[in-house]
Number of protein chains: 2
Amino acid sequence: MSAIAEPNRLNIIELLHDGPCTVGEIAEQLRLRQPQVSKHLRVLCEARLVEVHPMANRRIYKLHVQGLKEIDSWIDSFRHLWEDRLDQLEDYLKELQRKEKGE
Amino acid sequence: MSAIAEPNRLNIIELLHDGPCTVGEIAEQLRLRQPQVSKHLRVLCEARLVEVHPMANRRIYKLHVQGLKEIDSWIDSFRHLWEDRLDQLEDYLKELQRKEKGE
DNA sequence: AAGGAATATTCTTATAAAGGAATATTTAAA
DNA sequence: TTTAAATATTCCTTTATAAGAATATTCCTT
């Protein structure tokens, strides 16, 4: 999850959404230096959000749907939990208000 | 957003869900030291996720619904954006597959 | 007014993540 | 086989964040 928290990595993912890219292309588009791009790609790879396809001299990176879907469902469940708690909290506050009026 | 990324702070929010607490109570429940609790509460306060009500010697902390709702809707919109992109990506991949078969 | 809780703040230290520069590695091309 | 391009890796420095310890502040109690 922290993999996509980093702004540059999120940018990389957004860029890859338009299609596969080489490291150099990513570096150029995002105005980053090649070593940093490689580092970020490594993190994204280990998080299974991206996959590599070596093509001769170059390495083509593209999005890895499976991993992205897992992130998505994680966010979804996190949000549901969160929402339930908010609802409960609102009920609780309303209850307090009701009691105050009653006195 | 980074306010709730920190585990201890998330714990504090979860604890406060059961009702308002003083700093000492939070420290005791979560087995934390008082200064750290105060620091975390400060961050949560500045993020408007929590509010203080000084009661004599003590300070009662409770959840701040408005701020929590903002976080919730942020997560929601983030996820929607994310999901749309995943859908587009799937379409894209299916298109690729179709082309491959066609050849 | 003095002492003692409860809480906040300050200062220092520890740690993790990110960028920069240089270097290593792999592979194509000559 | 040597050279150059593309990429990865290593080492160092910087920065942000959290914890620890000590101290300051606030307010009640006596």
Side-chain angles (χ1 to χ4, degrees), chain A residues 1-64 67-68 71 74-75 78, chain B residues 1-64 67-68 71 74-75 78:
Chain A
M1 183 59 189
S2 61
I4 60 170
E6 215 282 327
N8 288 320
R9 285 198 288 264
L10 191 54
N11 288 338
I12 290 178
I13 288 185
E14 290 184 357
L15 178 59
L16 287 182
H17 176 258
D18 296 334
C21 276
T22 73
V23 177
E25 285 166 349
I26 296 173
E28 188 189 357
Q29 299 275 337
L30 301 184
R31 311 279 176 162
L32 296 175
R33 300 176 192 274
Q34 177 266 317
Q36 332 307 346
V37 174
S38 284
K39 290 174 196 171
H40 286 312
L41 285 171
R42 179 182 177 140
V43 174
L44 290 173
C45 250
E46 287 170 350
R48 306 289 170 192
L49 300 178
V50 143
E51 55 190 31
V52 212
H53 296 276
M55 289 287 285
N57 212 2
R58 328 197 158 174
R59 314 189 101 218
I60 316 284
Y61 283 88
K62 55 191 291 191
L63 295 183
H64 182 59
L68 291 172
I71 291 271
W74 186 91
I75 294 178
F78 179 81
Chain B
M1 185 58 188
S2 61
I4 60 171
E6 213 285 326
N8 287 321
R9 286 197 288 263
L10 192 54
N11 289 337
I12 290 179
I13 288 185
E14 289 184 357
L15 178 60
L16 287 181
H17 176 258
D18 296 333
C21 275
T22 73
V23 177
E25 286 169 348
I26 296 172
E28 187 190 358
Q29 298 274 338
L30 302 184
R31 311 278 174 165
L32 295 175
R33 301 177 192 271
Q34 176 267 316
Q36 333 307 346
V37 173
S38 285
K39 289 174 197 170
H40 286 311
L41 285 171
R42 179 185 178 138
V43 175
L44 290 173
C45 249
E46 286 169 351
R48 307 289 169 192
L49 299 178
V50 142
E51 54 189 31
V52 212
H53 296 276
M55 290 286 286
N57 213 2
R58 327 196 158 176
R59 313 189 101 218
I60 315 284
Y61 282 88
K62 55 192 291 190
L63 296 182
H64 183 59
L68 292 172
I71 291 272
W74 186 89
I75 294 177
F78 179 81

A.B. asks: Expressed in angstrom and rounded to an integer, what is the separation of B:Y61 atom OH from C:dA6 atom P?
C.D. replies: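 That distance rounds to 15 Å.
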
A.B. asks: Can you measure from CG (A:L68) to CD1 (A:I4) and round to the nearest 0.5 angstrom?
C.D. replies: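 Rounded to the nearest 0.5 Å, the CG-CD1 separation comes out at 8.5 Å.
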
A.B. asks: Report the C-alpha separation of A:L49 and A:L63 in whole Å, then their side-chain angles, then the decisive distance to 0.1 Å, and conclude whether the side-chain contact (heavy atoms from CB on, under 4.5 Å) test is met.
C.D. replies: CA-CA 6 Å; A:L49 300 178; A:L63 295 183; over 6 Å; no

A.B. asks: Would you kindly give the CG-to-P distance between B:N57 and C:dA6, to the nearest whole Å?
C.D. replies: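 Roughly 7 Å, once rounded to whole Å.
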
A.B. asks: Could you work out, with side chain to side chain donor-acceptor pair (under 3.5 Å) as the rule, every residue matching B:T22, not counting sequence neighbours?
C.D. replies: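 Side chain to side chain donor-acceptor pair (under 3.5 Å) list for B:T22, sorted by chain: empty.
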
A.B. asks: List in chain and number order the residues that pass salt bridge (charged side-chain N to carboxylate O under 4.0 Å, His left out) with A:E14, two or more places apart in sequence or in another chain; answer none if no residue qualifies.
C.D. replies: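 If we apply the salt bridge (charged side-chain N to carboxylate O under 4.0 Å, His left out) test to A:E14, skipping adjacent residues, the hits are B:R85.
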
A.B. asks: In which ranges does DNA chain D form stems of 3 or more consecutive Watson-Crick or G-U pairs, distances under 3.5 Å?
C.D. replies: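 Stem segments, range with range: C:1-30 with D:1-30.
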
A.B. asks: From B:I12 CD1 over to B:N8 CG, what is the distance, rounded to the nearest 0.5 angstrom?
C.D. replies: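 Between atom CD1 of B:I12 and atom CG of B:N8 there are 6.5 Å.
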
A.B. asks: If a pair satisfies salt bridge (charged side-chain N to carboxylate O under 4.0 Å, His left out) and one of its residues is in residues 40-63 of chain B, list it, with sequence neighbours excluded.
C.D. replies: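 Listed by first then second residue: B:R42-B:E46.
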
A.B. asks: The test is side chain to side chain donor-acceptor pair (under 3.5 Å); show your working for A:S38 and A:Q34 and say whether it passes.
C.D. replies: CA-CA 6 Å; A:S38 284; A:Q34 177 266 317; 3.1 Å; yes

A.B. asks: Step by step, work out the side-chain contact (heavy atoms from CB on, under 4.5 Å) result for A:L16 and A:L44.
C.D. replies: CA-CA 12 Å; A:L16 287 182; A:L44 290 173; 5.8 Å; no

A.B. asks: Rounding to an integer number of Å, can you tell me how far A:M55 CE sits from C:dT27 P?
C.D. replies: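 Roughly 14 Å, once rounded to whole Å.
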
A.B. asks: Identify, residue by residue, the members of residues 24-39 of chain B with a heavy atom below 4.0 Å from DNA chain D, and return them in order of residue number, or none.
C.D. replies: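 Listed by number, they are B:R33, B:P35, B:Q36, B:K39.
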
A.B. asks: Calculate the interatomic distance between B:E6 atom CD and C:dA17 atom C1'; express it in whole Å.
C.D. replies: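 Value for this atom pair: 16 Å.
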
A.B. asks: Roughly how many Å is it from NE2 in A:H53 to C1' in C:dT26, rounded to a whole number?
C.D. replies: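 Computing the A:H53:NE2 to C:dT26:C1' distance gives 19 Å.
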
A.B. asks: Please report the interatomic distance CZ(A:R31) to CG(A:N11), rounded to the nearest 0.5 Å.
C.D. replies: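 Here the rounded value is 13.5 Å.
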
A.B. asks: Rounded to the nearest Å, what distance is computed from the CZ atom of residue A:R58 to the C1' atom of nucleotide C:dT25?
C.D. replies: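 Result: 17 Å.
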
A.B. asks: Hey, where on DNA chain D does chain A first and last touch, going 5' to 3'? Cut-off is any atom under 4.0 Å from a heavy atom.
C.D. replies: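 Nucleotide range in contact with chain A: D:dA5 to D:dT10.
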
